[in-house]
There are 2 protein chains.
Amino acid sequence: MKKITLQDIASHLNISKSTISTVLNGHGDEKRVSKETQEKIIQFAKESNYKANHLARGLSLGKSDMIGLVIPNIGDNYYARIARRIERKARLSGYNVVFSSTGEKQERESELIQSMLSRGVDGLIIASSQKNEEDILKLKKNNFPFVLIERCYPELETNFVGEDNEGGVSLAVKQLIQLGRKRIGFVSLKPGLEAMRMRLEGYQNTMEQRGLVVRDEFIHELEYEYSEDEMYEVVKSMVQFPTSVEGIVFATHFLAASGIRALKQLNIRVPMDVALISFGQMNAFDLIEPPVTAVVQPVDELGDRAVEILLENLEGKNLNHRKIILSNSLKIRKSCGAI
Amino acid sequence: MKKITLQDIASHLNISKSTISTVLNGHGDEKRVSKETQEKIIQFAKESNYKANHLARGLSLGKSDMIGLVIPNIGDNYYARIARRIERKARLSGYNVVFSSTGEKQERESELIQSMLSRGVDGLIIASSQKNEEDILKLKKNNFPFVLIERCYPELETNFVGEDNEGGVSLAVKQLIQLGRKRIGFVSLKPGLEAMRMRLEGYQNTMEQRGLVVRDEFIHELEYEYSEDEMYEVVKSMVQFPTSVEGIVFATHFLAASGIRALKQLNIRVPMDVALISFGQMNAFDLIEPPVTAVVQPVDELGDRAVEILLENLEGKNLNHRKIILSNSLKIRKSCGAI
DNA sequence: TTGAAAGCGGTACCAC
DNA sequence: GTGGTACCGCTTTCAA
């Protein structure tokens, strides 16, 4: 792919590289380049379809106009949607985005951050595995622009855009309670993720506030890579006499999907026997019988805000750390017993 | 983010940049650098956590170790899953991937390709809007390494990894026929996408082969940005006497989801009144009542193969164009009337 | 009003 | 065995 360079234009037009660069960067007037030359240059650049070499430009300027996005898994609908917003908004400001999936592995996350840095990204947006405080701290110490999304390090003062996990679960639990359920269970992932801890707290606090007992048997935490069989056992145990639940809140959309599968296998009627609510949406939740009530996460806004903050940082303004917690809402459908 | 450079190491060690570069790139032995100096260099590089500046390296080498991924929408589960595979495989070969969503707009696709090129990506993987033959042709003429996925330009000889659209639909139609349905409809998107044309052909050919009539009323093509209302009208018209269908094949997963929504609203029983099959999967298809039979697309393999071919091209081997058509399979569930 | 030159951080050729 | 040096393409300062 032969590309035309500044030098090419220079030779062709018999004007120096520097002048051409100045003009093409829009500093023509301020540097008092004559109208004529300006036009000649712009004209020719357009004709020859000149596009500056970003690598060279970046090397010289010390910036790359690239934003790195480090997330657990781009294949997950949740992150994919966030990525979409991020890319869109970044593009509008002239940035491209490089992404990488960590698979929730600390080691890979660390590598990826390093790799992105050596690649010269101007800033990072990270949904951290939360087992990588070291790298994040390093970024912070070096004053490198970055914003954490969805998962934060509570001990670290950093930019952060997240959602109200506790409040979201609380919405769900309250909804179930309001519909008359008292023995409510909670299925989540083993801690390690702050978000999961907050969701658990949301569950516990709300139950307590409403004066409902939380039995040990009500709470189940699966490994991140659980099997459908494990979910089956969990759900089975939850619906068993004498501690059987009347409602379940699932801490993520995929847990909910697995849970529903298990409930079907067990021939448990939803919501008659057990009502349920999912934290997080899934595309076809409205098509499932009964349609699934879900906590709707503010994905779009999350992506948008993350980019906004990062861009502000990149432009050097508003350098103090910002923590933004977006609120969740509840999409009520039949699975919770309503309607 | 202060970074240590080759020059820093050079000064510190009193060894020239060139030697250091040689060693750090693993050409130490072949260039007969003494074991001692090699060790000294490697040692120090490790201690000081030296990471080469990719921009500089890229500028010098004329390559960036970046692959550009241009797709309609990273938020769509289908592309997100492909992206995941691509990123994973690319990373294993030392490449990072920059992505951009075109929103199916020719104009933006064109811009994005340009932008990626000026960014110095080494190769491109593109799911084109198919309204952009011009840019693709330009890439081809310039011998720039790229591979088209999912959508190809039939007139152009290029690398391509796609799926057997015709065969996939054929599987679906045959399945319905086998289960006794004769009046089978097909809901698709307005052409413009080769894949859609092929799917339509698959439908028509299979019907014809089996001696079934295809009435005009059986085929409906919606705009890419259709509304749920439009889908409702389409489905409504399809189930109306006297031309009512007994089965419907939806050309994409989201069309199927909308279609199911419409069928529910119309109180049509699936599969008793109308059986249906979706081309393409959705996460919760197995949870819908009845569970949705779907053509399973070879997403993982598609991503893998695309990267493989691109890497081969980048390494300069196997330069002739390769067209790969992956086959689809059918995941049979109740919605088609089986079981 | 324009241009020469240095430098961004590497790589690689060719002398020493 | 090792190092000097030119160059990748662009930006920017300073001099003309």
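In what follows, chains carry the letters A, B, and so on, assigned in the order in which the sequence lines appear, proteins first and then strands, with residues in each chain numbered from 1. Note that these values count all heavy atoms, side chains included, but never hydrogens, waters or copies made by symmetry. Since we're looking at a predicted model, the values are computed, not measured.
For Ser18(B) against dG4(D), a side-chain N or O and a base N or O form a donor-acceptor pair under 3.5 Å.
Looking at heavy-atom distances under 4.0 Å, Asp8(B) makes no contact with the nucleic acid at all. Among the heavy atoms of the strands, none lies under 4.0 Å from Leu55(A).
Between Thr19(B) and dG3(D) there is a side-chain N or O to OP1 or OP2 distance below 4.0 Å. Between dT11(C) and Ser21(B), a contact under 4.0 Å exists linking OP1 or OP2 to a side-chain N or O. Taking side-chain N and O atoms only, Tyr50(B) has a distance below 4.0 Å to OP1 or OP2 of dG10(C). Between Thr37(B) and the phosphate of dG1(D), there is no side-chain N or O to OP1/OP2 separation shorter than 4.0 Å. Of the side-chain N and O atoms in Arg57(A), one or more sit less than 4.0 angstrom from OP1 or OP2 of dT11(D).
Defined by atom type and a distance below 3.5 Å, a donor-acceptor pair is present between the side-chain atoms of Ser118(B) and His54(A). Residues Glu150(A) and Tyr78(A) have side chains that bring a donor and an acceptor to within less than 3.5 angstrom of each other.
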> Would Gln130(B) and Glu194(B) satisfy side-chain hydrogen bond (donor to acceptor under 3.5 Å, both in side chains), going step by step from the backbone distance to the final call?
Replying inline: CA-CA 8 Å; Gln130(B) 291 190 310; Glu194(B) 182 62 14; 5.1 Å; no
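The NZ atom of Lys51(B) sits 16 Å away from the C1' atom of dG9(C) (whole-angstrom rounding). Between the P atom of dG1(D) and the CD atom of Glu39(B) lies a distance of 15 Å, rounded to the nearest Å. The CG-P distance, from Asn53(B) to dC8(C), rounds to 12 Å in whole Å.
Distance from the side chain of Leu61(A) is smallest to dT11(D) among dT11(D), dA5(C), dG4(D).
Summary of the strand contacts: Ser60(A) and Thr22(B) both lie near DNA chain C, and taking for each the nucleotide with the nearest heavy atom, the more 5' one is attributed to Ser60(A).
The main-chain N or O of Lys131(A) is found under 3.5 Å from a side-chain atom of Tyr153(A) such that the two form a donor-acceptor pair.
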